[in-house]
Amino acid sequence: MLEHETADGLVAVEISEVESYAGEIDPASHAYRGRTQRNAVMFGPPGHAYVYFTYGMHFCVNLVCQPEGTPEAVLLRAGRIVAGEEAARARRTRHGRPVTARELARGPARLCQALDIDRDLDGADVCDPASPLRIRPASQGSPAPVIAHGPRVGVSRAADLEWRFWRDGDPTVSPYRPHVPRRRLGPTGT
DNA sequence: CGTCGGATAATCT
DNA sequence: GATTATCCGACGA
């Protein structure tokens, strides 16, 4: 479970879907070609959030999983809102269109929107209970979920690796979409 | 339910 | 200059 405490209140999410990115051997990882300003957190100690901006408008959050120097992380792709649904809904500025609870954190960018995560939280220590962004263990006695796996969503390279994992049957898991290369047409494009 | 194209800018080569 | 770990609205069935 991941929660973020802000002035708006507390929003908590039970993660239903993740993807793994292994920097040194994975061509799809942001860390594959070495350290840059953007991915520096991936090379740091585990338990910290790596937040990046993409497609000109979206944020996505990862959790670093390996010791310092080994840039591996999991992308948090989707979750179920377990607290603060009203605050999460208020962060959505879609033109008056109603949003179901299921959709609020379905997809990596929506999850960040529901939790109000942006680059200010890049590097946050999610294992520190004093951090505004932190993880909490699953409640005692909750049954272990059945985990399914398959290819990652939207990646153009290493598309054969089945490094996406999700809670089998969970309705908040995002739909699969293969990568579609698309070129932006320039003024001279035909 | 499905496919399709547009939006939009940081980041990297 | 090209690419992108995405989402949304429009449209068809």
Side-chain angles (χ1 to χ4, degrees), chain A residues 2 13 15-43 48-66 70-81 88-124 126 148-166 169 171-190:
Chain A
L2 183 72
V13 161
I15 301 301
S16 61
E17 178 190 2
V18 300
E19 282 175 1
S20 296
Y21 289 87
E24 295 174 318
I25 60 170
D26 180 6
S29 171
H30 288 168
Y32 185 61
R33 295 176 196 276
R35 181 178 186 142
T36 65
Q37 189 167 20
R38 174 176 68 159
N39 65 22
V41 170
M42 280 188 84
F43 290 77
H48 291 247
Y50 163 48
V51 181
Y52 68 90
F53 183 72
T54 192
Y55 285 102
M57 60 191 99
H58 297 303
F59 295 98
C60 297
V61 62
N62 297 245
L63 299 183
V64 179
C65 293
Q66 293 294 323
T70 304
E72 298 189 14
V74 291
L75 167 70
L76 307 184
R77 283 200 56 86
R80 177 174 63 87
I81 306 283
R89 194 180 302 277
R91 288 166 184 163
R92 215 150 230 289
T93 55
R94 296 301 156 238
H95 303 275
R97 193 163 179 276
V99 180
T100 67
R102 175 197 188 202
E103 293 171 325
L104 280 172
R106 194 183 189 211
R110 290 171 179 170
L111 181 117
C112 281
Q113 191 174 1
L115 287 169
D116 197 23
I117 292 173
D118 59 20
R119 283 224 85 199
D120 288 347
L121 286 165
D122 188 45
V126 301
H149 69 100
R152 296 178 288 188
V153 172
V155 298
S156 58
R157 294 181 282 188
D160 55 309
L161 294 177
E162 299 198 338
W163 283 1
R164 174 180 178 233
F165 303 88
W166 64 89
T172 65
V173 173
S174 69
Y176 177 71
R177 248 191 73 75
H179 176 73
V180 187
R182 55 182 49 192
R183 233 188 63 182
R184 196 179 149 203
L185 292 182
T188 61
T190 53

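Owing to the predicted nature of the structure, the values given are computational and were not obtained by experimental measurement. First the proteins, then the strands, lettered A, B, ... as listed; each starts at 1.
Proximity note for A:F53 (side chain, C-beta onward) versus B:dA9, C:dC8, C:dA5: the nearest is B:dA9. Taking every side-chain heavy atom of A:R92 into account, C:dC8 is the closest of C:dA5, C:dT4, C:dC8. For A:V155, counting side-chain heavy atoms from C-beta on, the closest listed nucleotide (C:dA5, C:dT6, B:dA9) is C:dA5. In this structure, the nucleotide among C:dA5, C:dC7, C:dT4 sitting nearest to the side chain of A:S156 is C:dT4. The side chain of A:M57 lies closest to B:dT8 when the candidates are B:dT8, C:dT4, C:dT6. Which of C:dC8, C:dA5, C:dT6 sits closest to the side chain of A:R110 comes down to C:dC8.
Residues passing the side-chain contact (heavy atoms from CB on, under 4.5 Å) test with A:D118, sequence neighbours excluded: A:F59, A:D120. Not counting sequence neighbours, A:R102 has no partner by the salt bridge (charged side-chain N to carboxylate O under 4.0 Å, His left out) test. Residues satisfying the side-chain hydrogen bond (donor to acceptor under 3.5 Å, both in side chains) test with A:E17, not counting sequence neighbours, are A:R77, A:R164, A:S174. In this structure, the side-chain contact (heavy atoms from CB on, under 4.5 Å) partners of A:A73, at least two apart in sequence or on a different chain, are A:M42, A:N62. Remark: A:E103 engages A:T100 in a side-chain hydrogen bond (donor to acceptor under 3.5 Å, both in side chains) (not counting sequence neighbours). Scanning for salt bridge (charged side-chain N to carboxylate O under 4.0 Å, His left out) contacts around A:D116 gives an empty result, with sequence neighbours left out. Remark: A:A148 pairs with A:W166, A:D168 by the side-chain contact (heavy atoms from CB on, under 4.5 Å) rule, at least two apart or across chains. By the side-chain hydrogen bond (donor to acceptor under 3.5 Å, both in side chains) test, A:T172 pairs with A:S16, A:D170, sequence neighbours left out.
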TODO: Applying side-chain contact (heavy atoms from CB on, under 4.5 Å), run through A:D122 and A:Y50 and close with a yes or a no.
DONE: CA-CA 5 Å; A:D122 188 45; A:Y50 163 48; 3.7 Å; yes

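Between the P atom of C:dA5 and the CE atom of A:M42 lies a distance of 12 Å, rounded to the nearest Å. One can place CZ of A:R177 at 14 Å from P of C:dT4, the figure rounded to the nearest angstrom. When rounded to the nearest whole Å, the span between OH of A:Y176 and C1' of B:dG2 equals 16 Å. Remark: C1' of C:dT6 and CG of A:L76 are 16 Å apart, rounded to the nearest angstrom. Separating the CZ atom of A:F165 from the P atom of C:dA5 is a distance of 18 Å, rounded to the nearest angstrom. The distance from atom NE2 of A:H58 to atom P of C:dT4 is 16 Å, rounded to the nearest whole Å. The distance between atom CD1 of A:I117 and atom C1' of C:dT6, rounded to the nearest whole Å, is 16 Å. Rounded to a whole Å, the CZ atom of A:R152 is 16 Å from the C1' atom of C:dT6.
Nucleic acid contact class of A:A109 (heavy atoms, under 4.0 Å, all strands): sugar-phosphate only. Residue contacts for A:R157: at a heavy-atom cut-off of 4.0 Å it reaches no nucleic acid atom on any strand shown. Using a 4.0 Å heavy-atom cutoff across all strands shown, A:V153 reaches sugar-phosphate atoms only and no base atom.
For B:dT11, one of the phosphate oxygens OP1 or OP2 lies less than 4.0 angstrom from a side-chain nitrogen or oxygen of A:R119. Regarding contacts with the backbone of C:dT4, a side-chain N or O of A:H179 is found under 4.0 angstrom from either OP1 or OP2.
Counting heavy atoms from C-beta outward, A:V155 and A:H179 have side chains that stay 4.5 Å or more apart. No side-chain heavy atom of A:V13 sits under 4.5 Å from any side-chain heavy atom of A:L104.
Ring stacking is absent between A:Y55 and B:dA9, as the pair misses the limits of under 5.5 Å between centres and under 30 degrees between planes.
Of all the residues in residues 30-38 of chain A, A:H30 reach under 4.0 Å from DNA chain C with at least one non-hydrogen atom.
A:R119 places a side-chain N or O within 3.5 Å of a backbone atom of A:V51 that can act as its donor or acceptor partner.
Base pairing in DNA chain B gives the following stems of 3 or more Watson-Crick or G-U pairs, range against range and under 3.5 Å: B:1-7 with C:6-12, B:9-12 with C:1-4.
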Please produce a list of atom pairs where a protein N or O lies less than 3.5 Å from an N or O of nucleotides 11-13 of chain C.
none

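Among residues at least two apart or in separate chains, salt bridge (Lys or Arg N to Asp or Glu O under 4.0 Å) pairs with a member in residues 20-38 of chain A are A:D26-A:R152.
A donor N or O paired with an acceptor N or O is not found under 3.5 Å between the base of B:dA10 and the side-chain atoms of A:Y52.
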